[in-house]
Amino acid sequence: MKSSWHPHERSLSLRSPVGQMEEPPAWLNESWEDPQGFYRGLKRSLDSLFTIHGASALFNTYDFFHDIIHRNRTHNYPAMVWFRGDGERRELSWEELGRRASIKAAKWERHGLKAGECLCVIREVGPELATDLLAAFKLGAVVSLLPTEARGFILRRLTALDPQWITTDSRTVKKLGEWNERVLPMVATRCDIPSDHRHFHGYASGETVFRLFSRGSSSEVEAVEISSDAAYLSAACSGLLGLGIYPGMRLCTPDFDLLLCQPFLLLSSLLCGATYVHVTQSDLLHHKGLPTGAKPDVFGVTPWVRDLFLKERSALEVPCARWFKDPVSSLEYDRWQLFAGANGFEEVPAFNLRWDAAKGGCLLFSMGRKGIAHPGVLPMPGALWSVGEEGSEDAALFYTGELHLASPGTEATCLEPGGVTLSAHGEIWLCTGGAGTQRQGMACPVDEITAFLNERGRGLGVIFETLTFPRSDLKGGEQMVVIGFTGARNVPSFLSRLKKEAEQLIEKEMGPWALPDGIWLYPLYPRFESPGIPDRKWCRDAWLSGVLARRAKHPVFLCTTRLRSHLVES
């Protein structure tokens, strides 16, 4: 992390006070004024938690594998906990995790993977993801991450990423087409570590560790590079100060989106020596709550998990020290209040954390408060930030505006949108939602959806457009609807089949999270911005005002559409 600030030593308090957070702690302002000094104090605080000294040297070299595995190998608590379909609890010790990663690294190295080459890990959260991540660290690979669902989503990002290597499971391999040639062979991790593979790779300061795709941006598909400094220090800061975890604690974050939060949630847990408790949606549904034996100390709650727990009252018996939510994901304060008031949760401190992995981990955090999380938030310690107009040279803070952050590992003057809007409230800020087009804290991929729908609709003479607009409820973010212009084709059976095909195509190409709030079809033609390109603003205004619905029933417009259709076909 290159910077012109001069470092100086300071101590950090690792425990966030439980209170109303009327003003930020003194060290927080110091962290923004002197990031390098803050990070040196943070690194010293992290090292003090372990009896084995870390091998990473701040702003010089970072050895992730050593600082995760070798500093934790003597602990008698597991690195990960997860549950089989029948509810049986499974554990992975630190020693076993390191052994599996070392075996995999040795086999990958023999297959040709070299330091600096890009490895795309296509997996869901679990022990295999942790093993792949550590094996890649040991070899010095540049890691990218993709979920296993939605073939089109995966292939478009592989094309943009162009990785030298891919690792995934046997089911996902079938989705990859020509990319199969770059898939590393499956590795049996029950054998011994090869005797000739004992070295660890140290990433130099500024060297790329991750190339990640953002859920917080609706722009074109492009991976963002995360430097070694940003990866290590953001994970330490997110773990120690954002989550407040340390060796022996258990972190559980079911239903948090893979691309929005990973690999930083997992990396923060591993680097701070905590146990990552992996619980899936299926586990929650099967057990009507957390499986027996999960027992998280820090529990992340999404709106889906909250609503499931409110529905199944027995699920609320969760022995945790504190819980957190994303301040952007939902503004339904009454629902959060009900959740906090159920089965003793009003006595458990709650706090806010806003994640964006492509920005380096946590963006915003808050102090804990019993009951429901305080609406006030603050940018993460050490972050280089401002609120206001992008590219503004004026460092003054605006009363209300979009959070802007320095890209991880870049100069302080390079500020980019952080994906959230803030309003000043004394010495803290209120998070008023996601900037741009967002649903549940994730950007609506409007251009991507429109592109593949129109590719499918071209042969049918149908033109699609994807629209977003503010929600009228308190779920937060934007609504997203797809409208289709079918021209003169107004047969009910055709329209019904087309709507169903469009829904199936979106789910297949993007995954269930991208399904729109509705799909509307009209026997009309849109206004065009340029040949073949609909005028999105006109479409949005016409849909919201009801113009499209009225014209679709008016005989004059229907007749005009049929005439226009004959002219187009001729």
Side-chain angles (χ1 to χ4, degrees), residues 49 68-69 72-101 123-131 133-134 189-190 239 243-258 261-263 265-302 304-325 339-340 342-351 353 368:
L49 300 176
I68 290 172
I69 295 300
N72 288 292
R73 69 178 186 270
T74 59
H75 293 152
N76 58 7
Y77 54 83
M80 292 195 74
V81 170
W82 71 100
F83 301 87
R84 291 174 33 150
D86 58 2
E88 181 183 353
R89 186 174 187 263
R90 305 297 297 271
E91 293 184 356
L92 187 63
S93 69
W94 294 97
E95 183 177 2
E96 177 63 14
L97 176 58
R99 191 187 72 82
R100 291 186 183 188
R123 293 195 190 276
E124 300 302 330
V125 179
E128 286 302 321
L129 174 59
T131 303
L133 191 63
L134 287 164
T189 54
R190 295 183 179 179
L243 293 162
I245 55 176
Y246 49 83
M249 293 189 73
R250 297 175 298 277
L251 171 66
C252 183
T253 58
D255 191 46
F256 275 69
D257 182 74
L258 182 87
C261 302
Q262 300 294 357
L265 266 174
L266 179 57
L267 182 58
S268 296
S269 179
L270 294 172
L271 193 62
C272 294
T275 298
Y276 192 89
V277 182
H278 175 50
V279 175
T280 66
Q281 282 192 351
S282 178
D283 292 332
L284 293 173
L285 290 169
H286 180 73
H287 296 281
K288 303 300 182 183
L290 286 173
T292 302
K295 296 182 180 178
D297 292 299
V298 180
F299 186 39
V301 183
T302 66
W304 184 87
V305 171
R306 175 203 65 196
D307 291 342
L308 177 66
F309 278 21
L310 287 175
K311 180 181 178 182
E312 304 291 344
R313 288 288 176 174
S314 61
L316 288 168
E317 297 174 2
V318 182
C320 65
R322 52 187 176 272
W323 64 278
F324 70 92
K325 66 180 183 68
F339 174 81
N343 286 34
F345 262 61
E346 69 275 6
E347 297 300 319
V348 178
F351 58 98
L353 283 181

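What you see is a predicted model, and the numbers here were worked out from it, not measured in a lab.
Separation of atoms OG1 (T131) and CE (M80) is listed at 8.0 Å; rounding is to 0.5 Å. Between the CE atom of M249 and the OG atom of S269 there is a distance of 10.0 Å, given to the nearest 0.5 Å. Atom CG of residue N72 and atom CG of residue L270 lie 8.0 Å apart, to the nearest 0.5 angstrom. Expressed to the nearest 0.5 Å, how far OH of Y246 lies from SG of C272 amounts to 12.0 Å. Taken to the nearest 0.5 Å, the CG atom of L134 stands 8.0 Å off from the CG atom of L266. Between atom CD1 of residue I69 and atom CZ of residue R100 there is a gap of 11.5 Å, rounded to the nearest 0.5 Å.
The two residues V301 and F256 have their closest heavy-atom pair at N-CE1, 3.6 Å. Smallest separation of non-hydrogen atoms from L97 and A79: CD2-CB, 3.9 Å.
Taking the side chain as every heavy atom from C-beta outward, L251 and T275 never approach each other to under 4.5 Å. In this structure, the side chains of V277 and F83 come closer than 4.5 Å at one or more pairs of heavy atoms. Put simply, the side chain of C252 reaches to within 4.5 Å of the side chain of F299, judged on heavy atoms. Using a 4.5 Å heavy-atom cutoff, the side chains of P291 and V279 are in contact. Side chains of P254 and D283 form no contact here, defined as non-hydrogen atoms less than 4.5 Å apart. At a threshold of 4.5 Å between non-hydrogen side-chain atoms, the residues L92 and P78 do not count as touching. Side-chain contact between V125 and Q262: present, with at least one pair of heavy atoms (C-beta onward) separated by less than 4.5 Å.
The backbone N or O of G244 lies less than 3.5 Å from a partner atom in the side chain of R322, making a donor-acceptor pair. A donor-acceptor contact shorter than 3.5 Å is absent between the side chain of D297 and the backbone of C320. A donor-acceptor pair is defined here as one N or O able to donate and one able to accept, closer than 3.5 Å; such a pair exists between the side chain of R250 and the backbone of K295.
For the pair R99 and E95, the salt-bridge criterion is not met [side-chain N within less than 4.0 Å of a carboxylate O].
For the residue pair S93 / Y77, no side-chain donor-acceptor distance below 3.5 Å is found, with atom types taken as modelled.
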Exercise. Could you go step by step and tell me if V305 and F339 meet the side-chain contact (heavy atoms from CB on, under 4.5 Å) rule?
Worked result: CA-CA 10 Å; V305 171; F339 174 81; 5.7 Å; no
Exercise. Could you walk me through whether I68 and W94 pass the side-chain contact (heavy atoms from CB on, under 4.5 Å) check?
Worked result: CA-CA 9 Å; I68 290 172; W94 294 97; 4.0 Å; yes
For this session: Verify side-chain contact (heavy atoms from CB on, under 4.5 Å) between L243 and L265, making sure each step is shown before the conclusion.
Result: CA-CA 9 Å; L243 293 162; L265 266 174; 4.2 Å; yes
Problem set entry | Worked check of side-chain contact (heavy atoms from CB on, under 4.5 Å) between F309 and L284 | CA-CA 9 Å; F309 278 21; L284 293 173; 4.2 Å; yes
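Partners of E91 by side chain to side chain donor-acceptor pair (under 3.5 Å), not counting sequence neighbours, listed by chain and number: R89. With sequence neighbours excluded, the residues satisfying ring-ring contact (aromatic ring centres under 6.0 Å, His included) with F351 are F324. S282 is linked by a side chain to side chain contact (heavy atoms under 4.5 Å, CB included) to T280, counting only residues two or more places apart in sequence or in another chain.
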